[in-house]
Amino acid sequence: MTHRKQPSSSNKLPETITVRGGEASRVLEEHVNEGNIIRVISHNDADGLSAAGVVAKAISSKNGQFHISILSRLKREFIKKLAGEKYSLFFFCDMGSAHLEDISRLRGDVIIADHHQPSDFRTDSNIVHLNPHLHGLDGSRDLSASGTAYIATRSITRDTAPLALVGAFGDMQYDDGFRGANSFIMEEAIESGTLQAHNDLRIASRYHEPLYRSIAYTFNPPLPGLTGDMEASRGFLERIGVSYGVRYGDLSPEERDILKEELIRINPAIFGEVLTARGFQPEIRDLSDFARVLDACGKNRKYGIGIGLCLGEGEGALEVGLELQKNYREEIIRGLSWIRREGSSVMSNIQYIYSEHKTFKSIMGTIASISLSLQLLDPDIPLLGLSRMDRHVKVSARTTRSAIERGVNLGLALRDAASSFGGTGGGHDIAAGAMIPYRDMESFLQLVDEIIGTQTGKV
Ligand code: C5P
Ligand code: C5P
Ligand code: C5P
């Protein structure tokens, strides 16, 4: 008989966040029991969609009703609009912690489940505010918005734990495993039987795409030489004598062994823990695949499809979601070929890529990040992806953990540089963005170059 290990003490949830979560569940349940429709507001990426799904499922489990709005970001005008609505409970996910003052003016009760840096404003008694940063956890690695929403609804249902981890995959919090609170949720889900972990090849869409596509679509962990390149992937499989047109699951055991050995040679990280949930439809059973489908729904503004998938509704949503994902992946592959072809412009401390192509606008951050992990561009030099938008330029910057250890902080660099030109910018040390006037692009790049130089002690 095997005994599963108890979650180790380092993976324990801080008691204070559990208590706050219990309070949120109690408030939510009271409103549902009174027959109130719950107003849910969340973010338009994979983590935000999963978070809204976690909350909606908890409400449904008590036969309650909800009204969801998905936003790219929370603006003051939207909060004003909410103030005119007659709901008695507003549930914000993946946003809100930076808008406490405005939100406190809403007349009803409020629950916030966010993981971004909170503002200093002291919350009123009508707000139950959950945020990992308030409990000594790192919101960019230990807990995502969907995980925070899970803690806020955990006393109502724990069946949503796998969905809570889908959001963590969406925000790239799975890095050779989960840490902190994410890891607690994972252990809890395995324990209760809603999540299964096994060791396998960590390739994309292995349950429904032909193998050569699965391999070419594996952006994370990267397979240099194969990721993003269908021809190369097919050629590789032919060369090692493995059928390329069947799904991974249909390979013979011998073929699997050969494939495993050859892929490990390219990147050892390709073999490891795979997390799947039997409760999800087979094509999105792998949590990381599910997150990638939600990314595609978000990028294409098909929020209803994303939420439908989270709620496990109908085959129709899955078909549309997979089609969106296919197009999204093709766009990423086109973007990567463009980078392979054109390379980047290198300055003293940064490098940049610039496009006026409309389709690259929404994937610039993604292809910037993948081109560093695939080493198509020098991963040691922070990369800015610039997209022209009429009179403005949208900036997506990405770097690596090792650059951060040398002092790079893209969030601060972009915030300061953008504000010098009347633009806005910010984000995390590893991933940040900005919007600046087109006419100042050259000077902006010069300034970012200088700031990064200062951060790394080169100037
Ligand atoms: O940075 P962004 O939010 O755009 O990244 C999310 C997307 O990044 C996902 O679509 C995922 O496919 C992709 N990605 C990845 N591996 C990386 C970087 C990004 O899979 N190293
Ligand atoms: O809007 P938000 O703060 O959630 O965006 C975070 C961004 O940082 C996402 O695009 C995510 O993919 C990216 N990221 C990354 N590498 C990490 C962590 C996050 O590219 N290690
Ligand atoms: O747009 P992109 O995915 O590159 O954004 C990366 C990170 O930068 C996100 O966390 C986003 O919230 C942040 N960002 C910001 N201010 C902007 C643009 C992006 O704080 N003007």
Side-chain angles (χ1 to χ4, degrees), residues 42-51 70-75 93-99 114-117 131-133 138-148 167-179 182 219-222 288 291-292 294-296 298-299 328 332 335 352-353 360-374 379 382-387 389 392-405 408-419 421-437 444 448:
S42 191
H43 191 205
N44 67 352
D45 65 4
D47 187 29
L49 291 168
S50 313
I70 300 294
L71 314 175
S72 61
R73 73 193 175 88
L74 188 55
K75 295 187 190 143
C93 304
D94 207 13
M95 47 178 63
S97 289
H99 295 84
D114 193 1
H115 69 134
H116 291 97
Q117 206 68 47
N131 187 312
H133 292 285
D138 177 348
S140 67
R141 298 181 82 178
D142 297 338
L143 194 64
S144 67
S146 54
T148 312
F169 270 101
D171 261 11
M172 316 271 303
Q173 294 193 351
Y174 187 95
D175 200 7
D176 296 329
F178 279 128
R179 310 189 330 167
N182 281 326
F219 299 123
N220 195 14
S288 117
R292 302 305 50 123
L294 292 180
D295 274 332
K299 289 267 162 41
Y328 177 51
I332 293 176
Y352 67 90
I353 49 181
F360 288 163
K361 191 184 72 191
S362 65
I363 59 163
M364 198 53 109
T366 307
I367 58 178
S369 152
I370 298 173
S371 63
L372 294 182
S373 61
L374 281 176
L383 171 63
L384 271 62
L386 308 161
S387 312
M389 299 174 72
H392 288 89
V393 174
K394 182 176 179 285
V395 185
S396 275
R398 298 291 188 270
T399 188
T400 56
R401 290 251 157 248
S402 78
I404 286 165
E405 277 154 25
V408 172
N409 187 324
L410 290 175
L412 297 182
L414 264 59
R415 188 193 66 192
D416 293 349
S419 73
F421 300 102
T424 55
H428 312 269
D429 48 9
I430 200 160
M435 189 71 87
I436 51 156
F444 170 82
V448 176

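Note that these values count all heavy atoms, side chains included, but never hydrogens, waters or copies made by symmetry. Counting starts at 1 for both ligands and their atoms, following the listed order. Predicted model, so just to flag it, every value in this text is computed and none were measured.
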Heavy-atom count around D175 CG within 6.0 Å, excluding the residue itself: above 12?
yes
Does V395 form a side-chain contact (heavy atoms from CB on, under 4.5 Å) with L414? I'd like the steps, not just the answer.
CA-CA 9 Å; V395 185; L414 264 59; 4.0 Å; yes
For S396, the ligand 3 atoms with a heavy-atom partner under 4.0 Å come out as 1 (O), 2 (P), 4 (O)
Heavy-atom distances under 4.0 Å decide this one: backbone, side chain, both or neither, for A431 against ligand 3?
backbone
Could you list the residues that satisfy ring pair (Phe, Tyr, Trp, His ring centres under 6.0 Å) with F360, not counting sequence neighbours?
W338, H357
Any idea how H116 and H428 line up, ring-wise: parallel (<30°), tilted (30 to 60°), or perpendicular (>60°)?
tilted
Can you check whether K394 reaches I436 side chain to side chain, under 4.5 Å on heavy atoms?
no
Would a distance-only check, ignoring hydrogens and angles, find a side-chain to backbone donor-acceptor pair under 3.5 Å from Q173 to N182?
no
List ligand 3 atoms under 4.0 Å from T424, heavy atoms only on the residue side.
21 (N)
Walk me through it: do L71 and N44 pass the test side-chain contact (heavy atoms from CB on, under 4.5 Å)?
CA-CA 6 Å; L71 314 175; N44 67 352; over 6 Å; no
Nearest non-hydrogen contact to atom 10 (O) of ligand 3 from the set K361, K394, H428 belongs to H428
On a heavy-atom basis, I'd like to know which of A368, G426, S362 is closest to atom 16 (N) of ligand 3.
G426
Ring pair (Phe, Tyr, Trp, His ring centres under 6.0 Å) involving F444 - partner list, sequence neighbours excluded:
none
From atom 8 (O) of ligand 3, work out which of A434, S140, G433 has a heavy atom at the shortest distance.
G433
Relative to ligand 2, is D45 under 4.0 angstrom through side chain, backbone, both or neither, heavy atoms considered?
side chain
Would R398 count as a contact residue for ligand 3, given that I'm defining contact as a non-hydrogen atom of the residue lying under 4.0 Å from a ligand atom?
yes
Ligand 3 to G427, heavy atom cutoff 4.0 Å, flagged ligand atoms 8 (O), 13 (C), 20 (O)
Sub-4.0 Å heavy-atom approach of Q173 to ligand 2
no
Looking only at heavy atoms of G365, does any of them come nearer than 4.0 Å to an atom of ligand 3?
no
